[in-house]
Amino acid sequence: MSSPEQWTRPQSGAGSAATAAQPSPEQVIAGLRATTEGGAELTQLLNPEGERLPSAQFDPYVADIDDEALRGLYRDMVLVRRADRESNAMQRQGQLGIWVPLLGQEAAQVGSGRALKPQDMAFPSYREHGVAYTRGVDFKDLLGIFRCTDHSSWDFQRHRFHPYTIVIGNQVLNAAGYAMGQKFESKVGDDPDAEATICYFGDGATSQGDVHEGFVWAAVYDAPLVFFCQNNQWAISEPTERQSRLPLYQRARGYGFPGIRVDGNDVLGCLAVTRWALDECRRGNGPVLIEAFTYRMDAHTTTDDPTRYRLSDEVETWKLKDPIERVRVYLSRTGGADAAFFDEVEAEADRFAAELRDYCFNMPDPPPERIFSAVYAEPSPQLEAQREEYLSYLAGFADGGDR
């Protein structure tokens, strides 16, 4: 957790601020230790030991989560993790060009995703595979993105889940504009069909101008937008304390809307806090920033080697905070699930992974004209001319363009 005390300040005669305002080794170590806790203002309903913690503010938002519902959240997280691990393995085997792991972030994504109502809209970055799953997107549709055969081929209006965004932070501007439209079209208020938007980004994206512009526009227009920051502690190789002097959720104060930090490894906490935030937005109270305090237990992407910039002790510490294991412990301790349930979920996850693997290994290459088919909503003479010229060029090869 970042704080002003983590940074030294330049003193008179200490040289330029650019070189003097640097954290000392002791402050860096202190920051890493604080990172494992989340601070006194961390909202948590289910702790790493699988114990239920009461919350007068947020318990009403999960009052409907009985043992059956909690088993459903557990199943969601197990299936999403299994699919993630299988996709990671398929990339290593040359079946995918790249993969962006979500290992360790299942609770943040499943909890927040299940908080959405059917009419709400979600804007992801490129790691929100768990959110996609909760919105009914077929996991197979995600594979085409990373096999480089397609880009977000699902019907985003039907699923209310926007296509993946690769440019860091750009989806925040898109989400702000969409949420402003919801406000302009009077889709907020006390109506049960009132809408809200949620936008996902990481801690590294908070250093991008697009994110701050999105904050400004959403605040000025009271847009019904939940900014959901998954603070997984590392923006590729840069830790959070090298990006901000204050906890990220406190940045919301500067824009005039509420910010809250929730245990991102607590699926109940993420569900409750996101439900609360979405309700605030739907009622017309303006945007909310959620910082889901979690941890990326794998590499940033399959092109990354995290052993070059973080300590194994840090990873081992976060393994004790595993989002799936704490739900398993709670269900076992309270009698909410037995061994047969856990075995069946594992078997289902294996079947799910096998289906993905079979699909990916046998995925056909798209025809060359596919690159022209979803560029614009309506065809144009210019696009048609380019298409015909390209297909004619390919037809000139002896093999008919199969190259």
Side-chain angles (χ1 to χ4, degrees), residues 69 72-73 75-77 79-80 83-84 87 100 102 106 108-167 170-189 191-201 223-228 270-271 274-275 277-279 281-282 352 355-356 359-360 363-364 366-367 369-379:
L73 293 172
R75 174 183 173 274
D76 287 343
M77 291 192 292
L79 292 181
V80 167
D84 172 72
S87 300
V100 185
L102 60 73
E106 296 87 358
Q109 296 195 14
V110 169
S112 62
R114 289 301 184 195
L116 293 163
K117 291 185 178 181
Q119 67 268 27
D120 296 329
M121 177 62 86
F123 283 77
S125 62
Y126 46 70
R127 199 186 301 275
E128 279 67 58
H129 321 315
V131 183
Y133 175 83
T134 66
R135 299 304 279 170
V137 175
D138 193 327
F139 213 95
K140 296 171 184 174
D141 288 340
L142 303 179
L143 298 181
I145 302 173
F146 300 100
R147 194 177 171 92
C148 306
T149 60
D150 212 330
H151 178 61
S152 306
S153 57
W154 57 86
D155 185 337
F156 72 91
Q157 286 287 8
R158 180 169 69 88
H159 292 287
R160 309 297 286 171
F161 185 75
H162 198 265
Y164 273 19
T165 302
I166 306 301
V167 179
N170 184 248
Q171 73 277 11
V172 178
L173 289 177
N174 297 332
Y178 188 92
M180 287 165 59
Q182 290 173 315
K183 179 68 179 295
F184 296 156
E185 295 177 2
S186 301
K187 293 183 177 180
V188 296
D191 192 314
D193 294 326
E195 298 180 9
T197 295
I198 190 169
C199 181
Y200 293 88
F201 52 93
L225 177 55
V226 174
F227 296 102
F228 196 93
C270 289
L271 177 64
T274 308
R275 280 178 168 178
L278 289 166
D279 279 353
C281 290
R282 293 191 198 99
F352 186 37
E355 292 175 4
L356 288 177
Y359 174 81
C360 187
M363 190 188 303
E369 60 267 22
R370 174 68 181 82
I371 62 175
F372 298 93
S373 64
V375 180
Y376 299 105
E378 299 291 338

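It should be emphasised that the depicted structure is a prediction, and the values quoted were computed from it without experimental measurement. Only this structure's heavy atoms are used, side chains among them; waters, hydrogens and symmetry mates stay out.
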> For the atom pair CD (Glu185) and CE (Met180), what is the distance rounded to the nearest 0.5 Å?
Replying inline: 12.0 Å

>> Applying side-chain contact (heavy atoms from CB on, under 4.5 Å), can you list everything that pairs with Ser152, at least two apart in sequence or on another chain?
In response: Ile145, Trp154, Pro163, Tyr164

>> Measuring from atom CG of Leu278 to atom OG1 of Thr197, what distance do you get when rounded to the nearest 0.5 angstrom?
In response: 9.0 Å

>> On a heavy-atom basis, which atom in Val188 and which in Cys281 lie closest, and how many Å separate them?
In response: CG1-O, 3.9 Å

>> Let me confirm one number: the CG-OG1 distance from Asp279 to Thr274, rounded to the nearest 0.5 Å.
In response: 11.0 Å

> If you take all heavy atoms of Leu79 and Tyr133, which pair is closest and at what distance?
Replying inline: CD1-OH, 3.3 Å

>> Which residue in the set Arg135, Arg160, Arg282 passes side chain to side chain donor-acceptor pair (under 3.5 Å) when paired with Asp120?
In response: Arg282

> CD of Glu128 to OG1 of Thr134: how many Å apart, nearest 0.5 Å?
Replying inline: 10.5 Å

> What are the two closest heavy atoms between Val100 and Tyr126, and how far apart are they?
Replying inline: CG1-CD1, 3.6 Å

>> Quick check for you: to the nearest 0.5 Å, what is the distance between Asn170 atom CG and Thr165 atom OG1?
In response: 6.0 Å

>> Within the structure provided, determine whether Gln171 and Pro124 are in side-chain contact (heavy-atom separation under 4.5 Å).
In response: no

> Between CG of Leu271 and CZ of Arg114, what distance do you get to the nearest 0.5 Å?
Replying inline: 10.0 Å

>> Just to verify, what does Tyr359 make a side-chain contact (heavy atoms from CB on, under 4.5 Å) with, not counting sequence neighbours?
In response: Lys140, Leu143, Met363

> Do you know the tightest heavy-atom contact between Val131 and Ser112?
Replying inline: CG2-OG, 4.5 Å

> If you look at every heavy atom in Ala115 and Arg275, which pair is closest and at what distance?
Replying inline: CB-CG, 3.6 Å

> Taking the side chain from Asp155 and the backbone from Arg158, do they hold a donor-acceptor pair closer than 3.5 Å?
Replying inline: yes

>> Go through it in stages, so that I can follow the logic: the residues are Leu225 and Gln182, the test is side-chain contact (heavy atoms from CB on, under 4.5 Å), and I'd like the CA-CA distance, side-chain angles, deciding distance and then a yes or no.
In response: CA-CA 10 Å; Leu225 177 55; Gln182 290 173 315; over 6 Å; no

> Do you know the tightest heavy-atom contact between Ala194 and Gln119?
Replying inline: O-NE2, 3.0 Å

> With sequence neighbours left out, what residues match Phe146 under ring pair (Phe, Tyr, Trp, His ring centres under 6.0 Å)?
Replying inline: Trp99, His129

> Picking from Tyr178, Tyr200, Phe161, what satisfies ring-ring contact (aromatic ring centres under 6.0 Å, His included) with Phe123?
Replying inline: Tyr178

